[in-house]
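Report on one structure; see the data block that follows.
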Amino acid sequence: DTAVSQTPKYLVTQMGNDKSIKCEQNLGHDTMYWYKQDSKKFLKIMFSYNNKELIINETVPNRFSPKSPDKAHLNLHINSLELGDSAVYFCASSQGGSLNQPQHFGDGTRLSIL
Amino acid sequence: AQSVTQLDSHVSVSEGTPVLLRCNYSSSYSPSLFWYVQHPNKGLQLLLKYTSAATLVKGINGFEAEFKKSETSFHLTKPSAHMSDAAEYFCVVSSTDSWGKFQFGAGTQVVVTP
């Protein structure tokens, strides 16, 4: 009964390739997020969607494109992968994005660029 | 604007001794504060949250935190460390002027020695 699930768990690919990461939540939340965690464990928000609408778009290269087909899904497509994209990407969800509601995280997708 | 500072990047404790993880925040508005734990190769799990109710908040696994507005602090404590507490801990703040944006601290790695 995984609440927030991401696939794949590991992704190893060559520089220049295009790849996608999928995220699904079964908590009934209406807000979903993508975070990037670097090798020093620092977490940086990338995107957030509320009811399929993009509400947070941080300074992320436009090679990264999120897509939310419905409230329960938020996918991340990355074009022309670069070495600096190597990181762990976390999907999260919350109810309403309000301050009182905590986020629930997936287990992460470990992306390694060769 | 909001920010959060975790004062220790590394904390080492002996099993059975108290744990103290320090967190200071700044926020223009009444903040909500959270502590998350991240075990190796896992996503973040909520330990506890403060949302303007009781200033002493009890969480899971014997952790608790105290909100001190005068000191702008939200330190996390546990009376007796267990080996399973070895993990990365994140202090997080959100506030009304930053809908959907959760500001993460840089993390504190906890090492527990037998």
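Below, each value reflects all heavy atoms present in this structure, side chains not excepted, and no hydrogens, waters or symmetry copies. A, B, ... follow the sequence lines: proteins, then strands. Residue 1 opens every chain.
- Under the 4.5 Å side-chain heavy-atom criterion for grouping Ile, Leu, Val, Met, Phe, Trp and Tyr, B:Val93 is connected to B:Tyr89 within one hydrophobic cluster.
- Highest contact tally toward chain B, considering only A:Lys44, A:Gln37, A:Gln6, is held by A:Gln37 [criterion: heavy-atom pairs under 4.5 Å].
- Neither the backbone nor the side chain of B:Gln109 comes within contact range of chain A; no heavy atom of the residue lies under 4.5 Å from a heavy atom of that chain.
- Annotation: side chain of B:Phe102 is not in contact with side chain of A:Pro102 (no heavy-atom distance under 4.5 Å).
- Counting heavy atoms from C-beta outward, B:Gln45 and A:His104 have side chains that stay 4.5 Å or more apart.
- Distance check, rounded to the nearest 0.5 Å: CG of A:Leu43 to CD of B:Gln38 gives 6.5 Å.
- Residues A:Tyr35 and A:Met32 do not share a hydrophobic cluster, defined by chaining ILVMFWY side chains whose heavy atoms lie under 4.5 Å apart.
- If you measure heavy-atom distances from B:Leu46 to chain A, the contacts under 4.5 Å come from the side chain alone.
- A chain of hydrophobic side-chain contacts below 4.5 Å, direct or via other Ile, Leu, Val, Met, Phe, Trp or Tyr residues, connects B:Phe67 to B:Leu76.
- B:Phe34 is not listed as a side-chain neighbour of A:Gln103, based on a closest heavy-atom distance of 4.5 Å or more.
- A continuous path of Ile, Leu, Val, Met, Phe, Trp and Tyr side chains, each step under 4.5 Å between heavy atoms, connects B:Leu21 with B:Phe63, placing both in one hydrophobic cluster.
- Heavy atoms of B:Lys42 lying under 4.5 Å from chain A belong to its backbone as well as its side chain.
- The aromatic ring centroids of A:Phe42 and B:Phe104 lie 6.0 Å or more from each other.
- Side-chain contact between B:Asn41 and A:Val88 is absent, with no heavy atoms from C-beta onward closer than 4.5 Å.
- In the displayed structure, B:Lys58 atom NZ is contacted under 6.0 Å by at most 12 heavy atoms of other residues, nucleotides or ligands.
- In this structure, A:Ile56 is not a member of the same hydrophobic cluster as A:Phe47, with clusters built from ILVMFWY side-chain heavy atoms closer than 4.5 Å.
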